[in-house]
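A, B, ... follow the sequence lines: proteins, then strands. Residue 1 opens every chain. Worth knowing before you read on, the calculation uses all heavy atoms, side chains too, and leaves out hydrogens, waters and symmetry mates.
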There are 2 protein chains.
Amino acid sequence: MFSIGRLSAATGVKVPTIRYYEQIGLLPEPERTGGNQRLYTRKMQERLAFIRHARDLGFPLEAIRELLSLSDQPGESCHTADEIAIRQLAEVEARIARLAALRDELRRMLDHCASHTIAECRVIEVLGNHALCAHDDHSVPKGAGPA
Amino acid sequence: MFSIGRLSAATGVKVPTIRYYEQIGLLPEPERTGGNQRLYTRKMQERLAFIRHARDLGFPLEAIRELLSLSDQPGESCHTADEIAIRQLAEVEARIARLAALRDELRRMLDHCASHTIAECRVIEVLGNHALCAHDDHSVPKGAGPA
DNA sequence: CTAGATGCTCTAGCGACCAGAGCTTCAAGA
DNA sequence: TCTTGAAGCTCTGGTCGCTAGAGCATCTAG
(Lines give C-alpha, C1' and ligand atoms only; values in the text may rest on other atoms or scores of the structure.)
Protein backbone atom coordinates (compact mmCIF):
# COMPACT_ATOMS: atom_id res chain seq x y z
CA MET A 1 0.00 0.00 0.00
CA PHE A 2 1.72 3.16 -1.18
CA SER A 3 0.99 6.75 -2.07
CA ILE A 4 0.18 8.29 -5.42
CA GLY A 5 3.64 9.81 -5.53
CA ARG A 6 5.31 6.43 -5.26
CA LEU A 7 2.95 4.97 -7.82
CA SER A 8 3.88 7.83 -10.10
CA ALA A 9 7.61 7.26 -9.61
CA ALA A 10 7.21 3.53 -10.13
CA THR A 11 5.26 3.78 -13.38
CA GLY A 12 6.50 7.01 -14.88
CA VAL A 13 2.94 8.33 -15.04
CA LYS A 14 2.58 11.79 -13.56
CA VAL A 15 0.45 12.32 -10.48
CA PRO A 16 -2.22 14.51 -12.08
CA THR A 17 -2.46 12.01 -14.92
CA ILE A 18 -3.15 9.19 -12.48
CA ARG A 19 -5.92 11.23 -10.90
CA TYR A 20 -7.20 12.01 -14.36
CA TYR A 21 -7.34 8.30 -15.23
CA GLU A 22 -9.31 7.69 -12.07
CA GLN A 23 -11.66 10.55 -12.90
CA ILE A 24 -12.50 9.14 -16.32
CA GLY A 25 -12.94 5.67 -14.88
CA LEU A 26 -9.85 4.05 -16.38
CA LEU A 27 -8.50 3.31 -12.92
CA PRO A 28 -10.82 2.22 -10.08
CA GLU A 29 -11.06 4.45 -7.04
CA PRO A 30 -8.36 3.35 -4.62
CA GLU A 31 -8.61 3.05 -0.85
CA ARG A 32 -7.81 6.12 1.22
CA THR A 33 -5.91 6.85 4.38
CA GLY A 34 -7.68 8.40 7.35
CA GLY A 35 -6.51 11.73 5.97
CA ASN A 36 -8.14 11.07 2.59
CA GLN A 37 -4.99 10.29 0.66
CA ARG A 38 -5.01 7.61 -2.02
CA LEU A 39 -3.46 4.21 -1.27
CA TYR A 40 -2.45 1.92 -4.10
CA THR A 41 -1.72 -1.78 -4.33
CA ARG A 42 0.64 -3.77 -6.52
CA LYS A 43 -2.37 -4.74 -8.63
CA MET A 44 -3.18 -1.12 -9.31
CA GLN A 45 0.42 -0.54 -10.28
CA GLU A 46 0.17 -3.34 -12.84
CA ARG A 47 -2.99 -1.87 -14.25
CA LEU A 48 -1.38 1.53 -14.57
CA ALA A 49 1.72 0.03 -16.18
CA PHE A 50 -0.57 -1.62 -18.70
CA ILE A 51 -2.20 1.71 -19.48
CA ARG A 52 1.13 3.45 -19.69
CA HIS A 53 2.49 0.92 -22.11
CA ALA A 54 -0.57 1.02 -24.30
CA ARG A 55 -0.35 4.82 -24.35
CA ASP A 56 3.29 4.56 -25.35
CA LEU A 57 2.10 2.43 -28.24
CA GLY A 58 -0.27 5.19 -29.23
CA PHE A 59 -3.53 3.50 -28.28
CA PRO A 60 -6.26 6.05 -27.53
CA LEU A 61 -7.74 5.87 -24.05
CA GLU A 62 -11.00 4.45 -25.34
CA ALA A 63 -9.15 1.52 -26.92
CA ILE A 64 -7.25 1.03 -23.68
CA ARG A 65 -10.50 0.96 -21.76
CA GLU A 66 -11.64 -1.87 -23.97
CA LEU A 67 -8.34 -3.72 -23.72
CA LEU A 68 -8.48 -3.46 -19.95
CA SER A 69 -11.96 -4.88 -19.76
CA LEU A 70 -10.81 -7.71 -22.04
CA SER A 71 -7.83 -8.46 -19.86
CA ASP A 72 -10.23 -8.77 -16.95
CA GLN A 73 -11.93 -11.68 -18.71
CA PRO A 74 -9.17 -14.25 -19.21
CA GLY A 75 -11.50 -16.91 -20.55
CA GLU A 76 -12.74 -14.99 -23.54
CA SER A 77 -11.29 -15.14 -27.03
CA CYS A 78 -8.62 -12.58 -27.72
CA HIS A 79 -10.04 -11.92 -31.14
CA THR A 80 -11.25 -8.47 -30.10
CA ALA A 81 -7.90 -7.55 -28.60
CA ASP A 82 -6.22 -8.55 -31.83
CA GLU A 83 -8.64 -6.44 -33.80
CA ILE A 84 -7.88 -3.40 -31.69
CA ALA A 85 -4.16 -3.93 -32.12
CA ILE A 86 -4.55 -4.43 -35.86
CA ARG A 87 -6.55 -1.24 -36.13
CA GLN A 88 -3.85 0.57 -34.17
CA LEU A 89 -1.16 -0.85 -36.44
CA ALA A 90 -3.00 0.37 -39.53
CA GLU A 91 -3.39 3.75 -37.91
CA VAL A 92 0.32 3.96 -37.14
CA GLU A 93 1.29 2.87 -40.63
CA ALA A 94 -0.95 5.48 -42.17
CA ARG A 95 0.57 8.18 -40.02
CA ILE A 96 4.06 7.08 -40.96
CA ALA A 97 3.25 7.22 -44.66
CA ARG A 98 1.77 10.67 -44.29
CA LEU A 99 4.72 11.96 -42.30
CA ALA A 100 7.19 10.50 -44.79
CA ALA A 101 5.49 12.49 -47.55
CA LEU A 102 5.72 15.63 -45.45
CA ARG A 103 9.37 14.97 -44.72
CA ASP A 104 10.14 14.62 -48.42
CA GLU A 105 8.35 17.81 -49.22
CA LEU A 106 10.11 19.71 -46.46
CA ARG A 107 13.44 18.38 -47.70
CA ARG A 108 12.72 19.41 -51.27
CA MET A 109 11.71 22.83 -50.04
CA LEU A 110 14.91 23.27 -48.08
CA ASP A 111 17.13 21.83 -50.81
CA HIS A 112 15.99 24.46 -53.23
CA CYS A 113 16.29 27.44 -50.97
CA ALA A 114 19.42 29.48 -51.63
CA SER A 115 18.99 31.40 -48.37
CA HIS A 116 18.81 34.87 -49.85
CA THR A 117 15.92 37.23 -49.21
CA ILE A 118 12.33 36.42 -48.38
CA ALA A 119 11.28 37.58 -51.84
CA GLU A 120 13.09 34.66 -53.41
CA CYS A 121 12.86 32.23 -50.50
CA ARG A 122 11.84 28.83 -51.69
CA VAL A 123 10.31 27.96 -48.34
CA ILE A 124 7.92 30.88 -48.38
CA GLU A 125 7.25 30.39 -52.07
CA VAL A 126 6.36 26.73 -51.78
CA LEU A 127 4.13 27.41 -48.82
CA GLY A 128 2.34 30.10 -50.76
CA ASN A 129 1.87 28.08 -53.89
CA HIS A 130 0.84 24.52 -53.47
CA ALA A 131 1.28 23.91 -57.19
CA LEU A 132 5.05 23.90 -56.61
CA CYS A 133 4.85 20.60 -54.86
CA ALA A 134 3.26 17.35 -55.86
CA HIS A 135 -0.17 17.46 -54.21
CA ASP A 136 -3.80 18.46 -54.66
CA ASP A 137 -4.01 22.05 -55.68
CA HIS A 138 -5.68 24.47 -53.31
CA SER A 139 -3.60 27.41 -54.49
CA VAL A 140 -4.73 30.40 -56.48
CA PRO A 141 -4.11 30.10 -60.22
CA LYS A 142 -3.82 33.56 -61.76
CA GLY A 143 -7.03 34.82 -63.26
CA ALA A 144 -9.19 32.01 -61.92
CA GLY A 145 -11.65 32.99 -59.22
CA PRO A 146 -13.20 30.78 -56.57
CA ALA A 147 -15.80 28.26 -57.65
CA MET B 1 -15.10 39.72 -53.33
CA PHE B 2 -16.71 36.50 -52.24
CA SER B 3 -18.30 34.84 -49.24
CA ILE B 4 -16.76 32.66 -46.56
CA GLY B 5 -18.42 29.62 -48.10
CA ARG B 6 -16.72 30.19 -51.44
CA LEU B 7 -13.42 30.84 -49.71
CA SER B 8 -13.87 27.58 -47.86
CA ALA B 9 -14.63 25.66 -51.05
CA ALA B 10 -11.68 27.26 -52.84
CA THR B 11 -9.12 26.49 -50.15
CA GLY B 12 -10.46 23.33 -48.56
CA VAL B 13 -10.49 25.02 -45.15
CA LYS B 14 -13.77 24.59 -43.30
CA VAL B 15 -15.87 27.64 -42.53
CA PRO B 16 -15.60 27.46 -38.71
CA THR B 17 -11.85 27.06 -39.10
CA ILE B 18 -11.61 30.24 -41.15
CA ARG B 19 -13.53 32.12 -38.47
CA TYR B 20 -11.25 30.56 -35.87
CA TYR B 21 -8.16 31.76 -37.73
CA GLU B 22 -9.63 35.23 -37.78
CA GLN B 23 -10.40 35.05 -34.08
CA ILE B 24 -6.84 34.17 -33.14
CA GLY B 25 -5.46 36.85 -35.44
CA LEU B 26 -3.97 34.61 -38.11
CA LEU B 27 -6.26 36.12 -40.72
CA PRO B 28 -7.10 39.84 -40.69
CA GLU B 29 -10.73 40.85 -40.23
CA PRO B 30 -12.30 40.99 -43.66
CA GLU B 31 -14.75 43.57 -44.97
CA ARG B 32 -18.42 42.93 -44.42
CA THR B 33 -21.58 43.26 -46.47
CA GLY B 34 -24.37 45.54 -45.30
CA GLY B 35 -25.85 42.45 -43.66
CA ASN B 36 -22.64 41.78 -41.68
CA GLN B 37 -21.39 38.87 -43.75
CA ARG B 38 -17.67 38.47 -44.41
CA LEU B 39 -16.28 39.40 -47.83
CA TYR B 40 -12.94 38.05 -48.97
CA THR B 41 -10.45 39.07 -51.64
CA ARG B 42 -8.07 37.06 -53.76
CA LYS B 43 -5.28 38.22 -51.47
CA MET B 44 -7.02 36.74 -48.47
CA GLN B 45 -7.46 33.51 -50.37
CA GLU B 46 -3.73 33.37 -51.01
CA ARG B 47 -3.02 33.95 -47.34
CA LEU B 48 -5.38 31.17 -46.34
CA ALA B 49 -3.90 28.81 -48.93
CA PHE B 50 -0.51 29.55 -47.40
CA ILE B 51 -1.81 28.68 -43.95
CA ARG B 52 -3.53 25.57 -45.22
CA HIS B 53 -0.43 24.31 -46.90
CA ALA B 54 1.74 24.98 -43.89
CA ARG B 55 -0.79 23.14 -41.73
CA ASP B 56 -0.69 20.22 -44.17
CA LEU B 57 3.05 20.19 -43.59
CA GLY B 58 2.43 19.96 -39.88
CA PHE B 59 3.58 23.42 -38.89
CA PRO B 60 1.95 24.59 -35.66
CA LEU B 61 -0.11 27.75 -35.92
CA GLU B 62 2.49 29.76 -34.01
CA ALA B 63 5.15 28.86 -36.56
CA ILE B 64 2.75 29.79 -39.33
CA ARG B 65 2.12 33.12 -37.69
CA GLU B 66 5.84 33.78 -37.85
CA LEU B 67 6.16 32.55 -41.43
CA LEU B 68 3.30 34.83 -42.46
CA SER B 69 4.89 37.86 -40.90
CA LEU B 70 8.14 36.95 -42.66
CA SER B 71 6.42 36.64 -46.00
CA ASP B 72 5.05 40.13 -45.46
CA GLN B 73 8.64 41.46 -45.41
CA PRO B 74 10.08 40.43 -48.78
CA GLY B 75 13.32 42.35 -48.30
CA GLU B 76 14.47 40.49 -45.21
CA SER B 77 16.75 37.48 -45.15
CA CYS B 78 14.97 34.17 -45.30
CA HIS B 79 17.29 32.74 -42.73
CA THR B 80 14.54 32.65 -40.11
CA ALA B 81 12.11 30.95 -42.46
CA ASP B 82 14.71 28.30 -43.18
CA GLU B 83 15.28 27.78 -39.51
CA ILE B 84 11.59 27.22 -38.90
CA ALA B 85 11.43 24.72 -41.74
CA ILE B 86 14.52 22.93 -40.52
CA ARG B 87 13.07 22.67 -37.04
CA GLN B 88 9.87 21.32 -38.51
CA LEU B 89 11.80 18.77 -40.56
CA ALA B 90 13.62 17.55 -37.47
CA GLU B 91 10.30 17.32 -35.67
CA VAL B 92 8.78 15.26 -38.46
CA GLU B 93 11.77 12.95 -38.66
CA ALA B 94 11.65 12.35 -34.94
CA ARG B 95 7.97 11.52 -35.11
CA ILE B 96 8.59 9.09 -37.96
CA ALA B 97 11.32 7.31 -36.04
CA ARG B 98 9.11 7.02 -33.00
CA LEU B 99 6.16 5.73 -34.98
CA ALA B 100 8.34 3.21 -36.80
CA ALA B 101 9.40 1.79 -33.44
CA LEU B 102 5.77 1.55 -32.38
CA ARG B 103 4.86 -0.12 -35.64
CA ASP B 104 7.57 -2.75 -35.17
CA GLU B 105 6.46 -3.47 -31.66
CA LEU B 106 2.83 -3.75 -32.67
CA ARG B 107 3.80 -6.14 -35.44
CA ARG B 108 5.86 -8.28 -33.10
CA MET B 109 2.97 -8.35 -30.69
CA LEU B 110 0.53 -9.47 -33.38
CA ASP B 111 2.94 -11.96 -34.93
CA HIS B 112 3.22 -13.84 -31.69
CA CYS B 113 -0.44 -13.97 -30.85
CA ALA B 114 -2.01 -17.31 -31.62
CA SER B 115 -5.52 -15.89 -31.24
CA HIS B 116 -6.67 -18.18 -28.51
CA THR B 117 -8.03 -16.90 -25.22
CA ILE B 118 -7.29 -13.69 -23.42
CA ALA B 119 -5.36 -15.59 -20.78
CA GLU B 120 -2.72 -16.50 -23.34
CA CYS B 121 -3.13 -13.50 -25.62
CA ARG B 122 0.21 -12.07 -26.55
CA VAL B 123 -1.30 -8.63 -27.11
CA ILE B 124 -2.65 -8.37 -23.60
CA GLU B 125 0.47 -9.96 -22.19
CA VAL B 126 2.87 -7.59 -23.86
CA LEU B 127 0.80 -4.60 -22.85
CA GLY B 128 0.81 -5.80 -19.27
CA ASN B 129 4.50 -6.50 -19.09
CA HIS B 130 6.75 -3.94 -20.64
CA ALA B 131 9.75 -6.23 -20.09
CA LEU B 132 8.50 -8.36 -23.00
CA CYS B 133 9.48 -5.70 -25.48
CA ALA B 134 12.66 -3.78 -25.97
CA HIS B 135 12.09 -0.56 -24.03
CA ASP B 136 12.57 1.17 -20.71
CA ASP B 137 11.03 -0.90 -18.00
CA HIS B 138 8.09 0.52 -16.11
CA SER B 139 6.56 -2.86 -15.41
CA VAL B 140 6.29 -4.63 -12.11
CA PRO B 141 9.06 -7.15 -11.47
CA LYS B 142 7.88 -9.80 -9.05
CA GLY B 143 8.85 -9.07 -5.49
CA ALA B 144 10.14 -5.58 -6.15
CA GLY B 145 8.04 -2.80 -4.72
CA PRO B 146 7.86 0.83 -5.81
CA ALA B 147 10.90 3.02 -5.20
C1' DC C 1 7.12 19.57 17.36
C1' DT C 2 7.74 21.69 13.35
C1' DA C 3 8.92 22.53 8.59
C1' DG C 4 8.53 21.30 4.19
C1' DA C 5 7.29 17.84 0.98
C1' DT C 6 3.45 15.74 -0.59
C1' DG C 7 -1.37 15.23 -0.87
C1' DC C 8 -6.26 16.93 -1.72
C1' DT C 9 -10.15 19.26 -4.79
C1' DC C 10 -11.43 22.34 -8.11
C1' DT C 11 -11.03 25.18 -12.04
C1' DA C 12 -9.00 26.55 -16.22
C1' DG C 13 -5.96 26.08 -20.10
C1' DC C 14 -3.43 23.89 -24.06
C1' DG C 15 -3.83 23.10 -29.64
C1' DA C 16 -6.67 23.09 -33.41
C1' DC C 17 -10.49 22.84 -34.29
C1' DC C 18 -15.97 20.89 -34.67
C1' DA C 19 -20.93 20.95 -33.56
C1' DG C 20 -25.12 22.94 -32.37
C1' DA C 21 -28.60 26.59 -30.95
C1' DG C 22 -31.02 30.24 -32.38
C1' DC C 23 -31.11 33.84 -35.18
C1' DT C 24 -30.45 36.84 -39.82
C1' DT C 25 -29.31 37.52 -44.59
C1' DC C 26 -28.69 36.30 -49.20
C1' DA C 27 -29.85 34.41 -53.92
C1' DA C 28 -32.48 31.95 -57.20
C1' DG C 29 -36.81 30.43 -58.96
C1' DA C 30 -42.00 31.10 -59.60
C1' DT D 1 -41.98 40.74 -56.18
C1' DC D 2 -42.23 37.25 -53.17
C1' DT D 3 -40.74 33.22 -51.09
C1' DT D 4 -38.01 29.59 -49.57
C1' DG D 5 -34.12 27.32 -48.30
C1' DA D 6 -29.21 27.59 -48.25
C1' DA D 7 -25.76 29.97 -46.20
C1' DG D 8 -24.34 33.34 -42.99
C1' DC D 9 -23.94 35.27 -38.09
C1' DT D 10 -22.53 34.93 -32.80
C1' DC D 11 -21.97 32.34 -28.84
C1' DT D 12 -21.32 28.38 -26.10
C1' DG D 13 -19.50 24.02 -25.21
C1' DG D 14 -17.26 19.78 -26.58
C1' DT D 15 -13.20 16.97 -28.32
C1' DC D 16 -8.37 14.42 -26.56
C1' DG D 17 -5.06 13.70 -23.13
C1' DC D 18 -3.39 15.76 -20.30
C1' DT D 19 -1.02 20.02 -17.42
C1' DA D 20 -0.86 23.98 -14.24
C1' DG D 21 -2.24 26.62 -10.51
C1' DA D 22 -4.91 28.13 -6.28
C1' DG D 23 -5.71 27.33 -1.79
C1' DC D 24 -5.88 24.29 1.40
C1' DA D 25 -4.85 19.54 4.41
C1' DT D 26 -1.87 15.83 5.71
C1' DC D 27 2.09 13.20 6.21
C1' DT D 28 7.04 12.35 7.53
C1' DA D 29 11.80 13.09 8.84
C1' DG D 30 14.71 15.47 11.79
Side-chain angles (χ1 to χ4, degrees), chain A residues 1-27 29-40 44 48 50-68 87-88 91-92 95 98 102 145-147, chain B residues 1-27 29-40 44 48 50-68 84 87-88 91-92 95 98 102 146-147:
Chain A
M1 296 294 252
F2 40 91
S3 72
I4 196 169
R6 297 206 180 275
L7 179 63
S8 169
T11 57
V13 179
K14 291 186 183 158
V15 169
T17 305
I18 296 172
R19 290 198 277 247
Y20 169 73
Y21 287 164
E22 180 185 327
Q23 192 195 312
I24 64 169
L26 214 56
L27 283 176
E29 296 187 12
E31 289 184 62
R32 304 275 184 143
T33 66
N36 200 34
Q37 304 198 350
R38 290 170 178 81
L39 277 182
Y40 293 94
M44 282 287 254
L48 184 55
F50 184 106
I51 296 171
R52 160 82 205 248
H53 192 189
R55 285 295 301 136
D56 282 349
L57 286 169
F59 287 90
L61 291 182
E62 276 322 296
I64 294 172
R65 198 188 293 276
E66 206 174 342
L67 287 168
L68 277 169
R87 227 187 303 138
Q88 176 62 15
E91 182 62 37
V92 166
R95 270 195 273 169
R98 180 165 163 68
L102 300 189
Chain B
M1 298 292 253
F2 41 90
S3 73
I4 198 169
R6 296 204 181 276
L7 178 64
S8 170
T11 57
V13 179
K14 291 189 183 156
V15 169
T17 304
I18 296 172
R19 291 198 277 246
Y20 169 72
Y21 287 163
E22 179 185 328
Q23 193 195 312
I24 64 169
L26 214 57
L27 284 176
E29 295 187 14
E31 289 184 61
R32 302 275 183 144
T33 65
N36 200 34
Q37 302 198 351
R38 290 170 178 81
L39 276 182
Y40 293 94
M44 282 286 255
L48 184 55
F50 184 106
I51 296 170
R52 160 81 206 247
H53 192 189
R55 284 296 300 135
D56 282 350
L57 285 169
F59 287 92
L61 290 183
E62 277 320 296
I64 295 173
R65 199 189 290 277
E66 203 174 343
L67 287 168
L68 277 169
I84 294 171
R87 227 187 304 137
Q88 177 62 15
E91 181 63 36
V92 167
R95 269 195 274 167
R98 180 165 165 67
L102 299 190

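Within the nucleic acid shown, A:Arg19 comes within 4.0 Å of at least one base atom, counting heavy atoms only. Using a 4.0 Å heavy-atom cutoff across all strands shown, B:Ile4 reaches sugar-phosphate atoms only and no base atom. Residue B:Tyr21 is in sugar-phosphate contact alone, with no base atom involved, counting any heavy-atom pair closer than 4.0 Å across all strands shown.
Taking 4.0 angstrom as the limit, A:Arg38 places none of its side-chain polar atoms (N or O) nearer than this to OP1 or OP2 of C:dG7. The phosphate of C:dC18 (OP1 or OP2) has a side-chain N or O of B:Thr17 nearer than 4.0 angstrom. Regarding contacts with the backbone of C:dT25, every side-chain N or O of B:Thr33 stays at 4.0 angstrom or more from both OP1 and OP2. For the OP1/OP2 pair of C:dC17 and a distance below 4.0 Å, the side-chain nitrogens and oxygens of B:Arg55 include at least one atom meeting the criterion. Not one side-chain nitrogen or oxygen of B:Ser3 sits closer than 4.0 Å to the OP1 or OP2 atom of D:dA7.
Across all non-hydrogen atoms, the minimal contact from B:Pro30 to B:Leu39 is CB-O, 3.4 Å.
Remark on DNA chain C: of its neighbouring residues B:Gly34 and B:Pro60, the 5'-side contact belongs to B:Pro60, judged by nearest-heavy-atom nucleotide. In terms of position on DNA chain D, the residue among A:Lys14 and A:Gln37 whose nearest nucleotide sits closer to the 5' end is A:Lys14.
The distance from atom CD of B:Gln23 to atom C1' of D:dT12 is 11 Å, rounded to the nearest whole Å. With rounding to whole Å, A:Ile18 atom CD1 is found 13 Å from D:dC18 atom C1'. Distance B:Arg52 CZ to C:dA16 P: 15 Å, rounded to the nearest Å. In this structure, B:Arg32 places its CZ atom 6 Å from P of D:dC9, rounding to the nearest Å. Between the OH atom of A:Tyr20 and the C1' atom of C:dC10 there is a distance of 16 Å, given to the nearest Å. Regarding A:Glu29, its CD atom lies at a distance of 13 Å from the C1' atom of C:dT9, rounded to whole Å. Nucleotide C:dT6 holds its C1' atom 14 Å from the CG atom of A:Leu7, rounded to whole Å. Per the geometry, CZ belonging to B:Phe2 stands 18 Å off C1' belonging to C:dA27, to the nearest Å.
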*Mind running side chain to side chain contact (heavy atoms under 4.5 Å, CB included) on B:Arg32 and B:Arg38 for me, showing each step along the way?*
CA-CA 5 Å; B:Arg32 302 275 183 144; B:Arg38 290 170 178 81; 3.4 Å; yes
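Side-chain contact between B:Leu61 and B:Tyr21 is present, with at least one heavy-atom pair separated by less than 4.5 Å. Counting heavy atoms from C-beta on, the side chains of A:Leu48 and A:Tyr40 never come closer than 4.5 Å.
A salt bridge links B:Glu62 with B:Arg65: the closest approach of a Lys/Arg side-chain nitrogen to an acidic carboxylate oxygen falls below 4.0 angstrom.
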